[in-house]
J.: 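What follows is a structure written as structure tokens; I'll ask about it next.
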Amino acid sequence: MLHEAAERLVNCVRDTDEVTTAESGSLEGSMVARLGGDEFIVLLRDLLQPRDAVVVAQRIINGLSTPFIIEGHELVVTASLGIAMYPTDGDNVEDLVKAADSAMYAAKSNGRNTFQFYSKEMNSAAYEKLSLETKLRQAIDNGQLILHYQPKVDIRSGAMFGMEALVRWQHPQWGLIAPSRFIPLAEELGLIVQLGDRVLEMSCQQMQLWREAGLGEVCISVNLASPSFLKPSLTPEIAALIQKHGLQPQQLIIEATESMLIQSGSAAMNNLQALQALGVQLSIDDFGTGYSSLTYLRRFPVNELKIDQSFVAEMTHNTDDAAIVAAIVSLGRNMNRRIVAEGVETIGQARALRNQDCHLMQGFLFSRPVPADEMTRMLSLPYPFAWAAEESVSIEISH
Ligand code: C2E
Ligand code: MG
Ligand code: MG
């Protein structure tokens, strides 16, 4: 795994397109070294500007995001990168390494799979240079937003119960950008409604393609932000999309977060009720992290609750989290709502959830969010996650 990772790192450094260097015009003299454990140091020489470090950083993040196949096992890793610049962040090896290390920890706490500069000025300057703003506007129009799909798995049978569409920004130079990096910006810039419209359209198109390919009437969950729900035309537009693509309204599941319902609840109510009348399903995302108001559960036409991944992550070693998960599952069951556990990463979590009678699960244990063609392959299998279902059967026997 380390060998393979090192090889990928070397390739990322070797590829000098889009990187401008001072003298040689190449990254010659740059190097990759393993510091120990899972830490590597990449030395880039002769960079003209900090932005070039960003190009390489993005390339490394992308390069490492493809799963590793080691002895038949698929291993997925994330990378956190810290960037220190000579001589501003240190004029000797020790200081530079220290600065890069502390920047790396900042990157880690920012949610992994990302990079950070050591100096704050450089951080904001670099991102400014990247001019995300203008690029984001263009991205929405010229098809740079793409969807990845993550299956929702029925643990009893190993079948797929629909999937969640998760947006990514496929930038020609910077590679694949995670939604956490541009959704807040889209909100700030008032682009989030447009973005939501694009995601809805792409999802509906995809459902049509899969039906036409004989893969059935697949359910897709789409995340929408508050401003979308406040738009009076939302429901008629969704109705038009469903008709245009020949879909069953139930195939579309709209995910809203609890905080969205609380912030814009009554204003959004018209749309929520109209969507329900249309037959579209509604799901509450990240349940448990907002106010978890039971009144809202009663008032809003909700079909599904998604237990936030923070509870799932801790449930096998924290009894409070386990109790919260159990409470949400039984509440949902008694209210006849579908319950989905998010962020399931280990078989232990899947077992614990199954014992609590939670049927649907989503998480890296089963699959990362994958591009449409990979999802097509998964859809062509009747029970793509039979291994997990078998696992649960064998546990029953051993008890
Ligand atoms: P979310 O809707 O709660 O989506 C689940 C997130 O958890 C996804 O991150 C997914 O990749 C990640 N995830 C899934 N399984 C696991 C796991 O086992 N472990 C861990 N650690 N993470 C897991 P992603 O794709 O980066 O999306 C992040 C958030 O961005 C989403 O959270 C959603 O709030 C937002 N988002 C994504 N796509 C859209 C979109 O089209 N529109 C809007 N408005 N927001 C979106
Ligand atoms: Mg979601
Ligand atoms: Mg969620």
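Atoms within a ligand are numbered from 1 in the order they appear, just like the ligands themselves.
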J.: Which residues and atoms, counting only protein N, O or S, are under 2.8 Å from the Mg ion (ligand 3)?
T.: Asp285 OD1, Asp286 OD1, Glu342 OE1, Glu342 OE2
J.: Under a 3.5 Å threshold, yes or no: a donor from one side chain and an acceptor from the other, between Glu164 and Asn223?
T.: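 Asn223 and Glu164 do have a side-chain donor-acceptor pair below 3.5 Å.
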J.: Parallel, tilted or perpendicular: which describes the rings of Trp387 and Phe385, with under 30° parallel and over 60° perpendicular?
T.: perpendicular
J.: Could you check which of Asp286, Ile183, Leu224 puts a non-hydrogen atom nearest to atom 45 (N) of ligand 1?
T.: Ile183
J.: Which of the numbered atoms in ligand 1 are under 4.0 angstrom from any heavy atom belonging to Gly363?
T.: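 In order of number, 15 (N), 18 (O).
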J.: Show every side-chain hydrogen bond (donor to acceptor under 3.5 Å, both in side chains) that has at least one partner inside residues 243-252, sequence neighbours left out.
T.: Gln208-His245
J.: Examine the proximity of ligand 1 to His148 and report which part, side chain or backbone, both or neither, has a heavy atom under 4.0 Å away.
T.: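 No part of His148 is near ligand 1 at this cut-off.
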J.: Among the heavy atoms of Arg168, does any lie under 4.0 Å from an atom of ligand 1?
T.: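 Under 4.0 Å: yes for Arg168.
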J.: I'd like to check the ring-ring contact (aromatic ring centres under 6.0 Å, His included) partners of His359; sequence neighbours left out, ordered by chain and number.
T.: none
J.: Can you list the atoms of ligand 1 that are under 4.0 Å from a heavy atom of Val344?
T.: 18 (O)
J.: Contact between ligand 1 and Arg368 is defined here as a heavy atom of the residue under 4.0 Å from a ligand atom; is it met?
T.: no
J.: Among all the protein's heavy atoms, is there at least one whose distance to atom 30 (O) of ligand 1 comes out below 4.0 Å?
T.: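 Yes, there is a protein heavy atom closer to it than 4.0 Å.
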J.: Under 4.0 Å from a heavy atom of Gln150: which atoms of ligand 1 are those, numbered in the order shown and with their elements?
T.: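 Under 4.0 Å from Gln150, ligand 1 has these atoms: 14 (C), 15 (N).
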J.: Would you mind running through ligand 1 and noting each atom that sits below 4.0 Å from a heavy atom of Asp285?
T.: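 Result: 1 (P), 2 (O), 3 (O).
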J.: Quick one: does Gly343 get a heavy atom under 4.0 Å from ligand 1?
T.: yes
J.: I need the atoms of ligand 1 closer than 4.0 Å to a non-hydrogen atom of Glu345, numbered in the order shown.
T.: 17 (C), 18 (O), 19 (N), 20 (C), 21 (N)
J.: Pair Glu39, Arg34 - check salt bridge (Lys or Arg N to Asp or Glu O under 4.0 Å), show working.
T.: CA-CA 6 Å; Glu39 291 193 0; Arg34 178 168 159 242; over 6 Å; no
J.: With atoms numbered from 1 as shown, which atoms in ligand 1 lie under 4.0 angstrom from a non-hydrogen atom of Pro369?
T.: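 Under 4.0 Å from Pro369, ligand 1 has these atoms: 11 (O).
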J.: Looking only at N, O or S atoms in Glu164, which is nearest to the Mg ion (ligand 2)?
T.: OE2
J.: Using a distance threshold of 4.0 Å (strictly less than), state whether atom 7 (O) of ligand 1 has a protein heavy-atom neighbour.
T.: yes
J.: Is Gln362 close enough to touch ligand 1? Criterion: a residue heavy atom under 4.0 Å from a ligand atom.
T.: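 No, Gln362 has no heavy atoms under 4.0 Å from ligand 1.
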J.: Distance to 0.1 Å, residue and atom name: give those for the protein heavy atom nearest to atom 12 (C) of ligand 1.
T.: Gln309 OE1, 4.0 Å
J.: How long is the straight-line distance from CZ of Phe287 back to CZ of Arg337, given to the nearest 0.5 Å?
T.: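 One gets 10.5 Å once the value is rounded to the nearest 0.5 Å.
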J.: Please could you name the atoms of ligand 1 that Pro179 approaches to less than 4.0 Å, counting only its heavy atoms?
T.: 24 (P), 25 (O), 26 (O), 27 (O), 28 (C), 30 (O), 37 (C)
J.: So which pairs with a foot in residues 194-217 pass ring-ring contact (aromatic ring centres under 6.0 Å, His included), sequence neighbours left out?
T.: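 Checked against ring-ring contact (aromatic ring centres under 6.0 Å, His included) - neighbours excluded - the pairs reaching residues 194-217 are Tyr149-Trp210.
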